[in-house]
Novice: 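My questions all concern the structure below.
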Amino acid sequence: MTTRRANFLTEIIDADLAAGRVTRVATRFPPEPNGYLHVGHAKSICLNFGLARDYNGTCNLRMDDTNPVKEDIDYVHAIQKDVAWLGFSWAGEVRFASDYFDPMYAAAEQLVAQGDAYVDHQNVEEIRQNRGDFGRPGVDSPHRERPIAQNLELLQAMRAGAFPDGTCVLRAKIDMAHPNLLMRDPLLYRIRHAHHHRTGDKWCIYPMYDYAHPLEDALEGITHSICTLEFESNRELYDWVLDHTRNALGLAWNPRPRQYEFARLGLGYTVMSKRKLLQLVEEKRVNGWDDPRMPTIAGLRRRGVTPEALRDFADLIGVAKNNSLVDIGKLEFCVRQDLEKRAPRAMAVLQPLSLQLTNWPLGHTDVLTMPWKTGEPATRQVPFGREILIEREDFSENPPADWKRLSVGKEVRLFGAFFVRCTEVVREDGEIVGLLGTVDVDTRGGEAQDGRQPAGTIHWVDATHAVDCEIRLYDRLFTVEQPDADGDFLPQMNPDALQVLQGQMEPAAAELPGGTHVQLMRVGYFFSDPVATDPGKPVWNRVIGLRDTWTKAPGRQEGRPDRRKEPTEAKKDTAQKKNRAEWRAERRTATAELAAAYGRYGALGVDPDAADLLTEDLETVAFFDAALRAHPHPQALSRWYLNDLEGLRKGRPLAEIPLDGATFGQFVALVDSGQVTVPAGKQLLSHLVAKGGDPVAATRALGLGKVDDSTAVYAATDAVLAALPGEAERFRAGEQKLLGVFIGAVLKQLRGSADAGAVRQALLDRLKT
RNA sequence: UCGGGGAUCGUCUAAUGGCAGGACCGCAGACUCUGAAUCUGCUCAUCUAGGUUCGAAUCCUAGUCCCCGAACCA
């Protein structure tokens with residue numbers, strides 16, 4: 001049983017299940033096979049498959065292959081491999097949008113037959129021109145009103161291959177003046193005389209995404225179709241297609257799929273668009289889709305990132321609708337956390353410096369047995385001889401005060417072996433070329449008989465047995481957090497994202513096969529490249545360095561990103577954009593009744609701002625007038641209307657809520673009379689907006705009548721304080737803010753039917769020491 | 001310009017009218033045969049202004065800023 005991570009989507013699903021809208025959960029991951037999957041897709045995969053897992057539902061893997069000129073079978077295979085590698089299994093076979101071309105076409109003919117679609121002969125340019133723009137409505141196509149029979153004939157001719165590419169399209173007949181540009185007669189089918197990787201030459205017309213996607217979902221019985229934020233505007237069209245094809249395929253769309261959008265992953269120091277990734281590959285700025293510098297799943301896999309780390313990362317960053325740019329340090333954290341647990345330890349030096357131990361017998365080798373990992377049984381043999389290689393940066397001639405490594409005259413421990421002391425520096429032309437030192441043979445295994453502890457421990461390898469190996473040091477692909485913020489992203493590429501070094505590795509580790517994780521002690525986590533490693537010729541990729549609180553890598557922007565914004569200067573309103581108040585004022589000028597109502601309310605003592613809001617339209621005025629007739633107290637009425645009812649109706653027109661103006665007036669009268677308290681009134685109003693009914697009857701039914709009985713208040717107060725002894729203690733200790741918690745609890749117990757002031761008083765009474 | 005979204009520690013994300021919580025990062029300390037890991041502690045946030053309420057991140061009003069949308073791409 002995995003713990004379910006809550007987010008806005010799980011809330012929606014819970015509500016759907018509770019309301020019976022769906023009885024099962026079916027999601028899908030629908031990539032277009034036109035590129036490799038990247039870590040952004042990994043987030044989506046974890047979401048869709050994770051939801052299916054958490055709700056005992058299903059998740060399909062579906063190739064959205066509706067555009068034959070861009071897609072390729074190789075990508076299909078790569079995508080399957082990546083999803084499986086991430087640890088997910090899809091329901092049944094892999095699906096293909098192209099599997100549904102027949103029913104999609106049938107539905108298109110039905111749309112034409114219903115008069116909901118037509119064949120348009122305008123060219124691309126004309127269609128674009130006639131679509132209008134954000135500020136201008138579109139104009140109807142000259143072919144928009146063609147008779148149905150002719151449209152049907154043309155569509156069939158399109159399908160039969162009678163027209164060359166680009167000569168005509170099938171369009172939905174919606175509204176060329178629609179504020180959502182996607183709804184201005186969107187294209188449904190275009191002609192492409194192209195070979196499709198699955199359907200071959202069967203089709204020469206292919207459906208557009210907005211038409212195909214909802215049908216794919218519906219045909220597969222998807223309940224929750226989850227996509228990214230940029231598709232928000234497409235949702236309206238998604239629903240239109242479903243609404244207008246619901247009878248065409250003999251399917252009831254039950255449950256009808258619904259689209260929900262979440263924020264896609266933005267990750268620092270990399271790029272995530274398929275186009276840019278493709279460009280990096282095609283221009284050979286990286287070595288293919290699986291280059292370990294790439295944010296592709298294939299690249300991360302080859303680098304040595306594990307599926308567990310990626311899944312942890314997906315959990316860590318969560319799912320929401322905020323546009324976000326995730327700190328790449330979070331990914332790095334997940335990688336380290338995972339590798340820390342699993343990686344055996346080994347030693348290699350990247351930049352060797354020789355240390356001759358002058359008191360060690362010439363030609364003698366001691367073989368030490370060390371565990372692959374502290375506390376675990378598996379061991380390895382590590383040779384130790386007269387010449388030792390240490391890391392160049394582990395020696396300093398002029399060490400700082402807190403130096404914990406080697407320097408002249410100082411003793412350090414060689415990890416798992418002996419204590420050594422440096423006695424002399426060997427130079428050539430002023431350059432340090434080696435070190436002379438002595439070893440304490442009584443410290444074998446790293447423990448001194450006398451219990452002394454050297455200041456530091458460093459890693460090392462034996463010079464005569466060390467194995468040459470290629471070390472590939474990977475770093476962030478770009479030098480700035482947002483390489484594609486503006487302009488060209490290529491100049492931001494990090495030239496040091498790959499550094500190749502010739503290192504010296506202990507022999508046991510050098511024999512590890514490709515695809516093995518290891519922590520090179522004090523250096524980082526490494527992965528033997530599964531492609532480049534040959535037997536006896538190891539190539540090691542650095543997955544990620546160890547966290548380093550001592551030295552900071554040069555040339556890298558330090559620490560956490562600080563994207564804090566300067567408080568922006570309020571922009572002077574140069575554009576004469578009309579605000580909502582101005583719209584209302586304008587409408588009042590145009591409509592005498594509104595103006596009259598405004599004057600009338602003002603005369604009744606309603607605050608001008610409130611009067612402005614109440615005279616937004618005639619519907620509101622009529623409602624308010626009816627309320628006024630039932631309860632002639634304009635201030636109270638307007639407060640309840642504006643502050644509570646306005647929020648409760650959630651944008652629905654007044655006519656659609658089961659509460660009319662007169663009843664609303666009666667409701668306010670009831671509260672004003674003191675028979676119902678304000679908090680109870682809020683509950684009551686919420687009930688009336690949802691269910692309708694008579695306020696007095698509802699009050700009685702819900703038990704919301706005011707409790708004047710101070711015994712009851714005190715009893716509830718005592719019960720609450722008894723149930724929250726810790727809080728009561730803290731309150732007495734001075735945490736004033738807890739009073740609200742108590743009031744809330746008492747009010748809840750009394751169903752809001754007590755006066756808050758009385759409750760407060762009772763609490764203070766009881767709580768005073 | 002129109003339509004649709006969004007705004008909470010530096011970053012990501014909770015809190016659904018009642019104690020602004022967690023994680024990453026950072027800082028300090030403990031421990032350490034890895035300057036790692038581990039452990040402890042600390043710093044740090046509700047876009048602004050009004051209003052409703054005993055009580056507002058949450059409800060109302062006005063404003064500000066950010067993102068997406070005008071491929072025969074998905």
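All chains are named by letter (A, B, ...) in the order of the sequence lines, taking the proteins before the strands, and each is independently numbered beginning at 1.
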Novice: Counting any heavy atom closer than 4.0 Å, what does A/D165 reach on the DNA or RNA strands: base, sugar-phosphate only, or nothing?
Specialist: nothing
Novice: Decide yes or no on ring-ring contact (aromatic ring centres under 6.0 Å, His included) for A/F384 and A/F418, but give the supporting numbers first.
Specialist: CA-CA 9 Å; A/F384 184 97; A/F418 296 90; 4.8 Å; yes
Novice: Are OP1 or OP2 of B/C2 and a side-chain N or O of A/R131 less than 4.0 angstrom apart?
Specialist: no
Novice: Checking all strands, does A/G166 fall into the base, sugar-phosphate, or nothing category for heavy-atom contacts under 4.0 angstrom?
Specialist: base
Novice: With no angle test and no hydrogens, is the base of B/C19 tied to the side chain of A/E727 by a donor-acceptor pair under 3.5 Å?
Specialist: yes
Novice: Rounding to an integer number of Å, can you tell me how far A/F313 CZ sits from B/U13 P?
Specialist: 11 Å
Novice: Using a cut-off of strictly less than 4.0 Å, decide whether A/R547 has a side-chain nitrogen or oxygen near OP1 or OP2 of B/A37.
Specialist: yes
Novice: Would you check, one step at a time, whether the test ring-ring contact (aromatic ring centres under 6.0 Å, His included) holds for A/Y209 with A/Y238?
Specialist: CA-CA 10 Å; A/Y209 167 85; A/Y238 182 100; 8.5 Å; no
Novice: Any side-chain N or O of A/T549 below 4.0 angstrom from OP1/OP2 of B/A36?
Specialist: yes
Novice: May I ask you to verify if any side-chain N or O of A/R584 is less than 4.0 angstrom from the OP1 or OP2 atom of B/A62?
Specialist: yes
Novice: Please determine if a side-chain N or O atom of A/R190 lies less than 4.0 Å away from the OP1 or OP2 oxygen of B/C73.
Specialist: yes
Novice: Between the base of B/G51 and the side chain of A/N643, is one N or O donor paired with an acceptor at under 3.5 angstrom?
Specialist: yes
Novice: Categorize A/D609 for me: base, sugar-phosphate, or nothing, with a 4.0 angstrom heavy-atom threshold over every strand shown.
Specialist: nothing
Novice: Could you give the CD-to-C1' distance, from A/E481 to B/C25, as a whole number of Å?
Specialist: 12 Å
Novice: Classify the side chain of A/K682 and the base of B/G17 as holding, or not holding, a donor-acceptor pair under 3.5 Å.
Specialist: yes
Novice: Once you round it to whole Å, what is the distance between C1' of B/U38 and CZ of A/F333?
Specialist: 13 Å
Novice: In whole Å, I'd like the distance from the CG atom of A/L182 to the P atom of B/C2.
Specialist: 18 Å
Novice: Within the structure shown, what part of the strands sits under 4.0 Å from A/F742 by heavy-atom distance: base, sugar-phosphate, or nothing?
Specialist: nothing
Novice: Has A/K737 got a side-chain N or O lying under 4.0 Å from the OP1 or OP2 atom of B/A20?
Specialist: yes
Novice: Go ahead and name the base partner of B/G18; Watson-Crick or wobble counts if both distances stay under 3.5 Å, otherwise write none.
Specialist: B/C54
Novice: With respect to the phosphate group of B/U34, does any side-chain polar atom (N or O) of A/R345 fall under 4.0 Å of OP1 or OP2?
Specialist: no
Novice: May I ask you to say what A/E261 touches in the nucleic acid, namely base, sugar-phosphate or nothing, with a heavy-atom cut-off under 4.0 Å?
Specialist: nothing
Novice: Can you check whether any acceptor in the base of B/G35 is under 3.5 Å from a donor in the side chain of A/R405, or vice versa?
Specialist: yes
Novice: Quick one: is B/G51 close enough that its OP1 or OP2 comes under 4.0 Å of any side-chain N or O from A/R639?
Specialist: no
Novice: Which base, if any, makes a Watson-Crick or G-U wobble pair with B/C65, both distances under 3.5 Å?
Specialist: B/G6
Novice: Need one value for A/Q519: base, sugar-phosphate or nothing, where a base atom within 4.0 Å counts as base even if backbone is also close, heavy atoms only.
Specialist: base
Novice: Which base sits across from B/C42 as a Watson-Crick or G-U pair, both distances under 3.5 Å?
Specialist: B/G26
Novice: Are any of the side-chain nitrogens in A/R522 or A/E391 under 4.0 Å away from the carboxylate oxygens of its partner?
Specialist: no
Novice: With heavy atoms under 4.0 Å as the rule, sort A/I317 into base, sugar-phosphate or nothing.
Specialist: sugar-phosphate
Novice: By nearest heavy atom, map A/L648 and A/M208 onto RNA chain B; which one lands nearer the 5' end?
Specialist: A/L648
Novice: To the nearest Å, give me how far apart CH2 (A/W372) and P (B/U34) are.
Specialist: 19 Å
